[in-house]
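Please read the structure below before turning to the comments.
Worth knowing before you read on, the calculation uses all heavy atoms, side chains too, and leaves out hydrogens, waters and symmetry mates. Chain naming here is simple, since letters A, B, ... match the order of the sequence lines and numbering starts at 1 in each.
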Protein chains: 2
Amino acid sequence: MSGGVEWALHCCTLLSRSAEPVPAVKLAEFHDVSPSYLAKQLQLLSRAGLVRSAQGNSGGYALTRAATQITVLDVVEAIDGALPAFRCTEVRQRGPMATPAERCTAPCTIAQVMDSADRAWRDSLRAVTIADLVADADRVIPPETIERTRAWLRGGTVVPGT
Amino acid sequence: MSGGVEWALHCCTLLSRSAEPVPAVKLAEFHDVSPSYLAKQLQLLSRAGLVRSAQGNSGGYALTRAATQITVLDVVEAIDGALPAFRCTEVRQRGPMATPAERCTAPCTIAQVMDSADRAWRDSLRAVTIADLVADADRVIPPETIERTRAWLRGGTVVPGT
DNA sequence: GGCTCACGGACAAAAGTTATCCGAGTTGGG
DNA sequence: CCCAACTCGGATAACTTTTGTCCGTGAGCC
Ligand code: FES
Ligand code: FES
């Protein structure tokens, strides 16, 4: 799985805290990651329709829907692609004892099992929304830090310890 | 996911049909895949303890336990590795608003969700054994073909159409 | 009209995979 | 007992996908 999924999910939780758009550079600075690469991930989120990009001087990224309407699976599929990890090559139709194509109406049992597991994985991710993540984070992070984060997102660059 | 997983699983179902060891070359010929590469996959299965290799003139590979005692997950983890797809980089501990390490006693919520999904995936694969796969294949493949396969595994190279 | 900002694609580096080879060890037969 | 054939095993190379970076283009704001 792509490592950028972690960044994207953290960015979504952060975006849900800000009413105004947040530039990609600021998101990168907040997480201390490569701005160029994070821009690519945000682009993927934009293509998937999860975030909306606003250009111009006070532009940036913002969620298109409420955090309760965005599942973790949405983000994962936007970054990693929606195609299943296991890909059947139809080995059974090759070799000296090949199964004739006419009998291959149903997918191979092995492919079925893999597909079922993949579905279980997706169902598990679909059950959690960004709002759930934020709610759980609020339970751990002290309220003061949350307010400081909001201020940091809103204002310019904060010089720590001043 | 590695494409060799499909080969390995098909090989396991095939091995469960033969009491005697089957050489890697024969397994490769049966599935019409690269013998050299399949050898590598079988090596991984051997390291994982799923199959036992016998050298010498009448050597080859054989399952170490009954097909009912080998799950699909065992094979997948042997080939693809047992580490989860999602890897948390602890982004929360970086950047200007970094969470102090002392508060990071529990894993990040996002990591928990990912881990839960991964567990669901593995549970799904663990629930199916090689024996289940064989039983399901027997329901589809005509008995005559199964017997021909057994004979092909036992005997030398079969010249088709002669 | 000048400025900043985000988008998009082009481009290089790294990792992981796919594929192949030859040597070490073992078995069976002469 | 020796030989020869056959097997696995690990080391090695080519390829593909992923990861990471960069700059040019176009759009909004002042
Ligand atoms: S032929 Fe693809 S999984 Fe069996
Ligand atoms: S810090 Fe790794 S998933 Fe949140």
Output, in order, the C-alpha distance, side-chain angles, deciding distance and verdict of side-chain contact (heavy atoms from CB on, under 4.5 Å) for L125(B) and E77(B). CA-CA 10 Å; L125(B) 292 181; E77(B) 287 191 337; over 6 Å; no
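- There is a path of hydrophobic side-chain contacts, each under 4.5 Å, that joins V128(A) to M1(A).
- G4(A) comes within 4.0 angstrom of nothing in the nucleic acid, heavy atoms only.
- Taking 4.5 Å as the limit, some side-chain heavy atom of C11(A) sits within range of a side-chain heavy atom of L38(A).
- Counting to the nearest Å, the P atom of dA6(C) and the CG atom of L27(A) are 9 Å from each other.
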Carefully, step by step, assess V76(B) and R122(B) under the rule side-chain contact (heavy atoms from CB on, under 4.5 Å). CA-CA 9 Å; V76(B) 171; R122(B) 291 194 146 78; over 6 Å; no
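- Nearest-nucleotide positions on DNA chain C for S36(B) and P23(A) put P23(A) closer to the 5' end.
- With a 6.0 Å radius and a threshold of 12 heavy atoms from other residues, nucleotides or ligands, R65(B) has its CZ atom above the threshold.
- For the pair D115(B) and R119(B), the salt-bridge criterion is met [side-chain N within less than 4.0 Å of a carboxylate O].
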Test side-chain contact (heavy atoms from CB on, under 4.5 Å) on C108(A) and E90(A); report intermediate values, then the result. CA-CA 8 Å; C108(A) 176; E90(A) 292 294 335; 5.6 Å; no
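- Contacts between residues 41-50 of chain B and DNA chain D, counted as heavy-atom distances below 4.0 Å, involve Q43(B), S46(B), R47(B).
- Tracing side-chain contacts under 4.5 Å through hydrophobic residues (I, L, V, M, F, W, Y), one reaches Y37(A) starting from L42(A); they form part of the same cluster.
- Of all the residues in residues 52-64 of chain B, S53(B), Q55(B), G56(B), N57(B), G60(B), Y61(B) reach under 4.0 Å from DNA chain D with at least one non-hydrogen atom.
- Think of the region where chain B sits on DNA chain D: with heavy atoms and a 4.0 Å cut, that region ends 5' and 3' at dC6(D) to dT12(D).
- Looking at heavy-atom distances under 4.0 Å, A39(A) makes no contact with the nucleic acid at all.
- No continuous path of hydrophobic side-chain contacts links L133(A) to I141(A) [ILVMFWY only; heavy atoms under 4.5 Å].
- L14(A) and V140(A) are members of different hydrophobic clusters when ILVMFWY side chains are connected at heavy-atom separations under 4.5 Å.
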Residues I110(B), C88(B); criterion side-chain contact (heavy atoms from CB on, under 4.5 Å); working and verdict: CA-CA 9 Å; I110(B) 294 175; C88(B) 172; over 6 Å; no
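- If you measure from atom NZ of K40(B) to atom P of dC21(C), you get 14 Å, rounded to the nearest angstrom.
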